[in-house]
Amino acid sequence: MKSPLLSLPGAVPAEGVDEGVAAHYGDLFREQRALADGTGFVDLSHRGVITVTGEDRLSWLHLLLTQHVSELPAGQATEALILSAHGHIEHALYLVDDGTTVWAHVEPGTREALVAYLESMKFFYRVDVADRTADFAVVHLPAGSIAQAPEGVVVRETAYGRDLFLPREDLESFAATHGPAAGLLAHEALRVEQHRPRLGFETDHRTIPHELGWIGTAVHLQKGCYRGQETVARVQNLGKPPRRLVFLHLDGSEVHLPAPGTELRLADEGPDGRKIGFVTTSVRHHELGPVALALVKRNVPVDARLLAGETAAAQETVVEP
């Protein structure tokens with residue numbers, strides 16, 4: 001779904017899964033600094049918007065999600081996952097309940113499969129699931145922003161900023177009064193700095209929540225049964241995940257960033273050494289320079305110097321080995 005804000009001056013379209021919104025508006029670092037200072041907004045209108053209504057909405061979602069939501073207070077933001085039977089991450093939902101409706105935004109390209117799954121699990125519960133992407137767009141106000149949300153708009157407030165579920169028809173008028181606009185690359189740079197994983201970027205077909213640090217933030221360990229819970233409990237109580245998320249400082253002398261999927265090796269073993277992980281997201285940060293998130297094998301020493309392809313990288317621990 002193409003955003004009307006791509007008509008703003010300087011807008012350069014994003015590619016791949018983020019197609020439909022602006023990657024940037026002509027000055028990546030200025031846009032990053034604006035967000036870091038709590039000004040401007042980010043157009044996330046390519047994300048899916050799903051609502052769940054009905055008397056049983058919270059108790060029903062509680063049975064399906066990794067998060068404790070049966071008593072979720074109105075207005076309190078949370079995030080949750082849906083796992084496979086083997087505990088692998090299938091969906092990530094960013095939720096808020098407004099007192100009558102649960103609102104969730106999800107990764108672009110995932111909403112149809114998610115809605116189909118939720119519909120298949122309704123049974124006798126008094127719930128209605130709706131795909132509202134055609135009617136509502138997600139807009140992000142950064143942490144520290146003093147901008148006022150339009151009256152009547154559902155807001156999901158977190159430590160990283162506020163997500164607004166804005167009527168899609170109001171996108172252009174919102175942009176005219178809440179600028180300057182910042183592109184998705186600026187938003188992604190701050191996400192990487194904050195070590196926050198993203199479905200489809202830091203995940204693959206076998207990722208479990210422990211590997212990414214989603215325990216606690218998206219997975220509640222003292223709640224009832226849900227699909228994939230046995231894997232979560234087994235890893236939590238008896239073992240360690242096979243991989244762990246790390247933050248990488250990349251050699252700033254390189255012209256090109258290592259692309260997602262670039263293999264990681266121990267620097268001591270050189271570019272022909274054994275593969276010990278891969279880059280998941282790489283960005284240029286306005287203060288930190290080139291940085292990345294990556295998954296490495298759990299037993300990689302936390303102080304080991306790495307190579308991302310041919311680019312030297314120093315790691316910071318995100319998930320403890």
Side-chain angles (χ1 to χ4, degrees), residues 42 44-83 89-122 125-133 135-141 143 149 152-168 187 191 194 196-200 202-203 209 212-229 232:
V42 183
L44 299 179
S45 61
H46 63 316
R47 294 182 65 83
V49 175
I50 293 170
T51 60
V52 181
T53 55
E55 294 180 43
D56 297 333
R57 67 188 184 282
L58 291 176
S59 58
W60 175 69
L61 285 171
H62 187 79
L63 299 173
L64 305 177
L65 305 180
T66 57
Q67 187 59 274
H68 196 300
V69 297
S70 61
E71 300 169 4
L72 184 67
Q76 180 175 309
T78 191
E79 56 188 86
L81 308 175
I82 290 178
L83 307 180
I89 300 169
E90 292 189 343
H91 293 284
L93 298 83
Y94 299 84
L95 307 159
V96 67
D97 184 85
D98 68 3
T100 61
T101 302
V102 173
W103 294 77
H105 64 80
V106 300
E107 290 294 338
T110 67
R111 73 181 194 275
E112 291 183 357
L114 175 58
V115 168
Y117 171 71
L118 294 176
E119 287 286 354
S120 73
M121 300 301 292
K122 285 170 62 173
Y125 289 94
R126 294 166 294 180
V127 294
D128 288 299
V129 179
D131 181 353
R132 304 301 305 278
T133 309
D135 303 315
F136 290 90
V138 180
V139 173
H140 177 77
L141 296 174
V153 169
V154 175
V155 178
R156 181 180 175 274
E157 185 166 1
T158 74
Y160 305 109
R162 288 173 288 162
D163 298 331
L164 279 54
F165 293 88
L166 188 73
R168 191 168 287 274
H187 186 261
R191 177 182 72 82
Q194 295 153 355
R196 292 188 290 133
R198 184 178 171 190
L199 182 77
E202 279 61 59
T203 67
L212 303 183
W214 254 327
I215 301 298
T217 59
V219 178
H220 195 288
L221 295 175
Q222 281 78 48
K223 62 157 288 185
C225 187
Y226 55 87
R227 190 174 70 176
Q229 184 191 27
V232 170

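Starting from 1, each residue takes its place in the sequence as its number.
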Answer whether the closest heavy-atom distance between the side chains of [X] and [Y] falls below 4.5 Å.
X: V155; Y: V96; result: no
X: P167; Y: V153; result: yes
X: T53; Y: T100; result: no
X: I215; Y: L221; result: yes
X: D98; Y: W103; result: yes

Test: side-chain hydrogen bond (donor to acceptor under 3.5 Å, both in side chains). Region: residues 68-78. Which pairs qualify, not counting sequence neighbours?
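Matches after skipping sequence neighbours: Q67-T78.
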
Please check this pair: side chain of [X] against backbone of [Y], looking for a donor-acceptor N/O pair closer than 3.5 Å.
X: T66; Y: A80; value: no
X: R168; Y: S45; value: yes
X: H62; Y: V69; value: yes
X: R111; Y: G48; value: no
X: R47; Y: L44; value: no

Where do T203 and L212 land on the side-chain contact (heavy atoms from CB on, under 4.5 Å) test, with the steps shown first?
CA-CA 8 Å; T203 67; L212 303 183; 3.6 Å; yes

Could you measure the distance from the [atom1] atom of [X] to the [atom2] atom of [Y]? Nearest 0.5 Å is fine.
X: W60; Y: M121; atom1: CH2; atom2: CE; result: 8.0 Å
X: L199; Y: L81; atom1: CG; atom2: CG; result: 8.0 Å
X: L72; Y: L65; atom1: CG; atom2: CG; result: 10.5 Å
X: L114; Y: D131; atom1: CG; atom2: CG; result: 9.5 Å
X: H91; Y: I82; atom1: NE2; atom2: CD1; result: 6.0 Å
X: S59; Y: L64; atom1: OG; atom2: CG; result: 10.0 Å

Salt bridge between R57 and D128, side-chain N to carboxylate O under 4.0 Å?
no

Closer than 4.0 angstrom, basic N to acidic O: yes or no for R126 and E55?
yes

So which of L164, V42, V49, V106 actually passes side chain to side chain contact (heavy atoms under 4.5 Å, CB included) with V138?
V49

Could you walk me through whether V102 and L61 pass side-chain contact (heavy atoms from CB on, under 4.5 Å), step by step?
CA-CA 10 Å; V102 173; L61 285 171; 3.9 Å; yes

Of all heavy-atom pairs between D163 and H105, which one has the smallest distance, and what is that distance?
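Smallest heavy-atom distance, with atoms named: OD2-NE2, 2.9 Å.
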
Could you go through H187 and H140, starting from their C-alpha distance and side-chain angles, then the distance that decides it, and tell me whether this counts as side-chain contact (heavy atoms from CB on, under 4.5 Å)?
CA-CA 9 Å; H187 186 261; H140 177 77; 3.7 Å; yes

Pairs flagged by salt bridge (charged side-chain N to carboxylate O under 4.0 Å, His left out) wherever residues 216-227 is involved - sequence neighbours left out
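Only E90-R227 qualify under salt bridge (charged side-chain N to carboxylate O under 4.0 Å, His left out).
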
Take T51 and F136 through the side-chain contact (heavy atoms from CB on, under 4.5 Å) test and state the conclusion after the steps.
CA-CA 11 Å; T51 60; F136 290 90; over 6 Å; no

So with a 6.0 Å cut-off around CD of Q194, is the heavy-atom count from everything else above 12?
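Yes - once you tally the heavy atoms of other residues, nucleotides and ligands closer than 6.0 Å, there are more than 12.
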
NZ or CZ of R156 within 45° of F165 ring axis and under 6.0 Å
no

Tell me, with the steps shown, if R196 and E79 meet salt bridge (charged side-chain N to carboxylate O under 4.0 Å, His left out).
CA-CA 12 Å; R196 292 188 290 133; E79 56 188 86; over 6 Å; no

